[in-house]
Engineer: 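So that we are looking at the same thing, I have put the structure below in structure tokens.
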Number of protein chains: 2
Amino acid sequence: MTSSERAESLKRSLALLWGKADEPTRGPKPALTRERIVETAIAIADQEGVGALSMRRIAAALNVGAMSLYRYVPGKDELIDLMVDHSYGEGPALDETGGWRERLEAVCRGEWAHYHRHPWLLHVQQGRPLMGPNALLSTEAALRILDGTGLDGREMIDAIVTTSSWVAGLARTSVEASRAATETGVSDDEWWAAQEPYLSDAMGERYPMLGRVAESGGFDGPTDRSFEFGLRRVLDGLEVLIAARRAGEHPDAG
Amino acid sequence: MTSSERAESLKRSLALLWGKADEPTRGPKPALTRERIVETAIAIADQEGVGALSMRRIAAALNVGAMSLYRYVPGKDELIDLMVDHSYGEGPALDETGGWRERLEAVCRGEWAHYHRHPWLLHVQQGRPLMGPNALLSTEAALRILDGTGLDGREMIDAIVTTSSWVAGLARTSVEASRAATETGVSDDEWWAAQEPYLSDAMGERYPMLGRVAESGGFDGPTDRSFEFGLRRVLDGLEVLIAARRAGEHPDAG
DNA sequence: GCGTGCTCACGTACACTGTACCCAGTTCGG
DNA sequence: CCGAACTGGGTACAGTGTACGTGAGCACGC
């Protein structure tokens, strides 16, 4: 794909996201809609994993030929762009009352649940997210939470980036662990049992800390406990900054 | 792949990681070594992206046939396991002096640099990481940092999981953004310019906060500034907990 | 020494993937 | 009513991971 081709693809995605693609009147009535394709694709990705999401698989679920999908969507990349933005439009609107901390906590819990509902979100391109209508709405809501905390624009963005990055990072290990368990049929217990001979060889000799932690049961994979722990720490860290801002400290001192 | 097949593959990976595979004496001398294959694969993944990492590509770089690699490695999954653990054995040993905060900060900076050196790490299975020798060593070193802070075993693990998750989450967006820029030839400016018409349509109407933040220049993608910001917040959050522990608070109150 | 059998490299083949291209059938505007 | 516009879909191609089979090379037991 050349540079200009990718630029063209970007324009197409944007037009699709904002529904600016003009529909023709001539010709036979379409058997499908873009929304039906997107929702079917999301259902497949949710249930069978992102690895099972192929154009042929989606087409089969819709009882059409594989190439018919390309009448509605320029390619798989653009379809995924649509899936991402569509998923952001699911949940209920956020409660806009309460302090920034409880509201930001609610956002984190929402993202945590969202990633577990749609694990494929963690496996698609997210470096330069297409800002669709629903993604914009989510960002706007998150920003509104931090309005009035004394943070400037950059800091508000960075605060949201920090919490979102943490949730995404943790959700990725959590989601992949549970997917690995169900897909491979190797349970967590079997997994650790297989590694145990090698680990216990190493522990006690060169890795004393690992041995101590293993005895206290620290190695049971990322759980909700890890989420609750991190949530408090990250919000505590933000609270330190916000308290300093409200006490009137100069930005450079934060 | 059936359940028992995956269990077998797991055992093979472990044996490879710990070098317990006994070498035969009969037959012709091998033309390759497993280490050479792993290092070549890492070089390709670093330079050309994980998408370009195919068995045929690796074999071509080593001047052998694609199937020859399967004499040294059971499959691509196991090769990636080896690549991951190999990459953990690169950096210099950590400085073991100083307070927990500066040492943990150094770990975070190390991971940040590590992910930028090997972006493919963020795209491989990490839900149930195979604990190879080098991975164990890194974990041990991180745990040792938190020894004596008053945290118990579970909390030490959760603290490390929290910082690592945040670094990984942020690195993923950062790495993908820069890769997208070089691979597609669409610069950051062009990217935002393409979206601008749609965004400015929405701003001012329904998304006032976004408009304000955009004016203050908050939307320039994840940079080192985002990293420095998050680093302070996450460590501040941990410091709140550790200070409470040292003041003798009961764990349930944290 | 020498055959036996283990181990090597590698070619072929198969089931997948995304999607470019082409063609036949449908439907509406003029 | 007829041509233009549009639809669905078949075929084909260049990729992927890897199962399987074929010879060639090397070390050991006799």
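By convention in this document, chain letters (A, B, ...) are assigned in the order of the sequence lines, proteins followed by strands, and residues within each chain are numbered from 1. Predicted model, so just to flag it, every value in this text is computed and none were measured. FYI, side chains are in, hydrogens and waters are out, and symmetry mates aren't considered; it's all heavy atoms of this structure.
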Engineer: Is it true that atom CD of A:E90 has more than 12 heavy atoms of other residues, nucleotides or ligands lying nearer than 6.0 Å?
Structural biologist: yes
Engineer: Could you work out, with side chain to side chain contact (heavy atoms under 4.5 Å, CB included) as the rule, every residue matching A:R57, not counting sequence neighbours?
Structural biologist: A:I44, A:E48, A:S54, A:A61
Engineer: Would you please name every residue forming a side chain to side chain donor-acceptor pair (under 3.5 Å) with B:S138, sequence neighbours left out?
Structural biologist: none
Engineer: Just the rounded figure in Å: distance from P of D:dG8 to NZ of A:K29.
Structural biologist: 12 Å
Engineer: For A:H118, give me all partners under ring pair (Phe, Tyr, Trp, His ring centres under 6.0 Å), at least two apart in sequence or on another chain.
Structural biologist: A:H114, A:W120
Engineer: Establish, with yes or no, whether the OP1 or OP2 oxygen of C:dA9 is under 4.0 angstrom from a side-chain nitrogen or oxygen of B:Y72.
Structural biologist: yes
Engineer: Can you list, by residue number, the residues of residues 35-45 of chain A that have a non-hydrogen atom closer than 4.0 angstrom to DNA chain D?
Structural biologist: none
Engineer: Counting primed atoms plus P, OP1 and OP2 as sugar-phosphate and everything else as base, spell out the protein contacts along nucleotides 15-25 of chain C at 4.0 Å heavy-atom distance: B, S or - for each nucleotide, 5' to 3'.
Structural biologist: --BBBBB---B
Engineer: Does any pair with a residue in residues 61-73 of chain A pass side-chain hydrogen bond (donor to acceptor under 3.5 Å, both in side chains), and if so which ones, sequence neighbours excluded?
Structural biologist: none
Engineer: Find the distance A:L62:CG to D:dT7:P and express it as a whole number of Å.
Structural biologist: 16 Å
Engineer: Measuring from atom CG of B:L121 to atom CD1 of B:I42, what distance do you get when rounded to the nearest 0.5 angstrom?
Structural biologist: 8.0 Å
Engineer: First locate atom CH2 of B:W112, then atom CG of B:D224, and finally report the distance between them rounded to the nearest 0.5 Å.
Structural biologist: 6.5 Å
Engineer: Just do the side chain to side chain contact (heavy atoms under 4.5 Å, CB included) check on B:D85 and B:L82 with the steps written out, would you?
Structural biologist: CA-CA 5 Å; B:D85 198 69; B:L82 292 175; over 6 Å; no
